[in-house]
Amino acid sequence: MLLPVALLLLGALTAVVAPRLLARADWPEREPVVALWAWQCVVAGVLMCCALSMTLSAAAAWQAVRGHVFAPAPHDVVEAYALGAGGSWAPATAVALALGAVWTAAMLTREIARARTRRHKRRDELLLRAPLLPGEEPGADRLVVLEGERPDAWWLPGAAPQLVITTAALRRLKGRQLDAVLAHEQGHAQARHDWLLHCSGALATGFPQVPVFAAFRGEMHRLVELAADDVASRRFGRLTIALALVELNEDRGVFGPCPTPHAHVPQRVHRLLSARPRLTAGRRLRLTAAAALVPVIPLLVTFVPGLRALG
């Protein structure tokens, strides 16, 4: 029964090769939405390989599992998978992969719980700094203005999402720059980028020794900002959102020679000002279809013995 091993090798190959191909490509910065999709497909392909390997290993190890997995399958199909030749490694592989699945679910649950805690804490701080007026309902206004000396703006997700902006930002942003910042943050909310960050953070935290998950988290943080920049630039122009980014981050020293936590901001500004053209619709479609094949290939590999038996 070599199929579980082959699936694990396919998952390892995908985890090594795909991130390198994406890192060398020049199109992710031009099409961040397609790049987000590609990264999700890569990670889904790796997880699919592990899940299918776990299922087949468990079927080879225990008759009860085999009966559930192959219940509707003809006898020739079951024989094609050679489940009886699993050996002693099958139970160990199935248990190890099952523990990995449970750990992944636990990390995702913890990440979501921490995000909710942080969100509730920020809402409490928001109510403290901007208390409700008599008769005002909580969450009624989607835009909240805070008194602050540092120019800043952020989107607070939740059941009643709100955009928070400081008075310093209002003084700095001129003309349509404020509208561009609003469009940027609304782009995050409409695309539910917070869920991408939660999932990538859970995988990277749960499996810190797996490079593909660390790269996935880093690229998600970068690409969601580029995608939101594009949403704003399509409505208000690249120059407008670029100037808004400069106004909001100039006092943080991000444009100096020393590295800062916001070192990606100059790269975003340069990208907006360089105004590289988008890919053609045909190439975007081809890239999207190619990425979608990554999680499909493990399924095809899994079904090959059964399809041969039926043929």
Side-chain angles (χ1 to χ4, degrees), residues 111 114-198 201 220-233 235-273:
E111 183 72 22
R114 287 182 173 180
R116 286 181 176 176
T117 301
R118 290 193 299 266
R119 188 165 63 244
H120 290 319
K121 183 178 179 181
R122 297 188 78 172
R123 286 194 182 277
D124 292 339
E125 293 175 352
L126 187 62
L127 286 175
L128 185 63
R129 296 179 61 185
L132 297 175
L133 298 176
E136 185 180 3
E137 295 292 333
D141 294 326
R142 295 175 66 85
L143 177 63
V144 179
V145 179
L146 287 182
E147 185 71 31
E149 296 300 324
R150 168 174 288 185
D152 203 358
W154 67 91
W155 187 264
L156 192 60
Q162 292 177 306
L163 175 66
V164 184
I165 190 166
T166 62
T167 53
L170 290 178
R171 289 193 296 267
R172 276 182 172 265
L173 298 176
K174 305 173 182 65
R176 289 158 60 88
Q177 293 175 7
L178 176 59
D179 294 329
V181 171
L182 295 176
H184 173 97
E185 298 300 337
Q186 287 171 352
H188 284 312
Q190 291 171 358
R192 300 308 305 266
H193 287 160
D194 53 328
W195 280 103
L196 285 177
L197 299 180
H198 293 333
M220 288 302 99
H221 281 274
R222 185 178 73 94
L223 291 172
V224 296
E225 295 299 334
L226 300 186
D229 286 344
D230 287 350
V231 171
S233 66
R235 293 181 58 187
F236 301 100
R238 290 176 174 266
L239 181 59
T240 303
I241 186 63
L243 292 175
L245 286 173
V246 172
E247 293 292 345
L248 289 175
N249 295 278
E250 189 176 13
D251 292 342
R252 298 180 181 179
V254 299
F255 298 101
C258 300
T260 68
H262 301 277
H264 63 281
V265 175
Q267 300 171 5
R268 290 166 57 193
V269 173
H270 175 74
R271 170 181 176 269
L272 289 166
L273 295 179

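Computation of the quantities below employed the complete heavy-atom set of this structure, encompassing side-chain atoms and omitting hydrogens, waters and symmetry-equivalent molecules. This is a predicted model, so every value here is computed, not measured.
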> Does the side chain of Val269 reach to within under 4.5 Å of the side chain of Leu272, using non-hydrogen atoms?
Replying inline: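 A side-chain contact under 4.5 Å is absent here.
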Leu245 side chain reached by Asp229 side chain, heavy atoms, under 4.5 Å: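 A side-chain contact under 4.5 Å exists here.
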- Please say whether more than 12 non-hydrogen atoms of neighbouring residues, nucleotides or ligands are located less than 6.0 Å from CH2 in Trp154.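 More than 12 within 6.0 Å, yes.
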How would you list, by chain and number, every residue that makes a ring-ring contact (aromatic ring centres under 6.0 Å, His included) with His188, sequence neighbours excluded?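 Only His184, His193 meet the ring-ring contact (aromatic ring centres under 6.0 Å, His included) criterion with His188.
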message: Checking His198 now: which residues fulfil side chain to side chain donor-acceptor pair (under 3.5 Å) with it, not counting sequence neighbours?
response: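 Partners of His198 by the side chain to side chain donor-acceptor pair (under 3.5 Å) criterion come out as none, since no residue qualifies.
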Next item on the list: Identify the two heavy atoms, one from Gly187 and one from Val231, that lie closest to each other, and give their separation to 0.1 Å.
Entry: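 It is CA-CG1, 4.2 Å.
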Worksheet item: Nearest heavy-atom pair of Ser233 and Ile241: which atoms, and what distance?
Response: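 Looking at all heavy atoms of both residues, the closest pair is CB-CG2, 4.1 Å.
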By salt bridge (Lys or Arg N to Asp or Glu O under 4.0 Å) - contacts of Arg122 (at least two apart):
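With neighbours one apart ignored, the set is empty.
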By salt bridge (Lys or Arg N to Asp or Glu O under 4.0 Å), which residues pair with Arg238, not counting sequence neighbours?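 Arg238: no salt bridge (Lys or Arg N to Asp or Glu O under 4.0 Å) contacts found.
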Hey, could you give me the CD/NE2 distance between Glu225 and His264, rounded to the nearest 0.5 Å?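 Answer for the CD-NE2 pair, Glu225 versus His264, is 5.0 Å.
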- Point-to-point distance, once rounded to the nearest 0.5 Å, from CZ of Arg268 to CG of Leu226: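 Arg268 CZ to Leu226 CG: 7.0 Å, rounded to 0.5 Å.
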Please tabulate, for the side chains in residues 164-181, all donor-acceptor contacts under 3.5 angstrom to protein atoms that are two or more places apart in sequence or on a different chain.
unit_1 : atom_1 : unit_2 : atom_2 : d
Thr166 : OG1    : Arg150 : O      : 2.9
Thr166 : OG1    : Asp152 : N      : 3.1
Thr166 : OG1    : Asp152 : O      : 3.4
Thr166 : OG1    : Ala169 : N      : 3.3
Thr167 : OG1    : Gly148 : N      : 3.1
Thr167 : OG1    : Gly148 : O      : 3.3
Arg172 : NH1    : Glu247 : OE1    : 3.3
Arg172 : NH2    : Asp251 : OD1    : 3.0
Arg172 : NH2    : Asp251 : OD2    : 2.7
Lys174 : NZ     : Arg172 : O      : 3.1
Arg176 : NH2    : Arg235 : O      : 3.4
Gln177 : OE1    : Lys174 : N      : 3.1

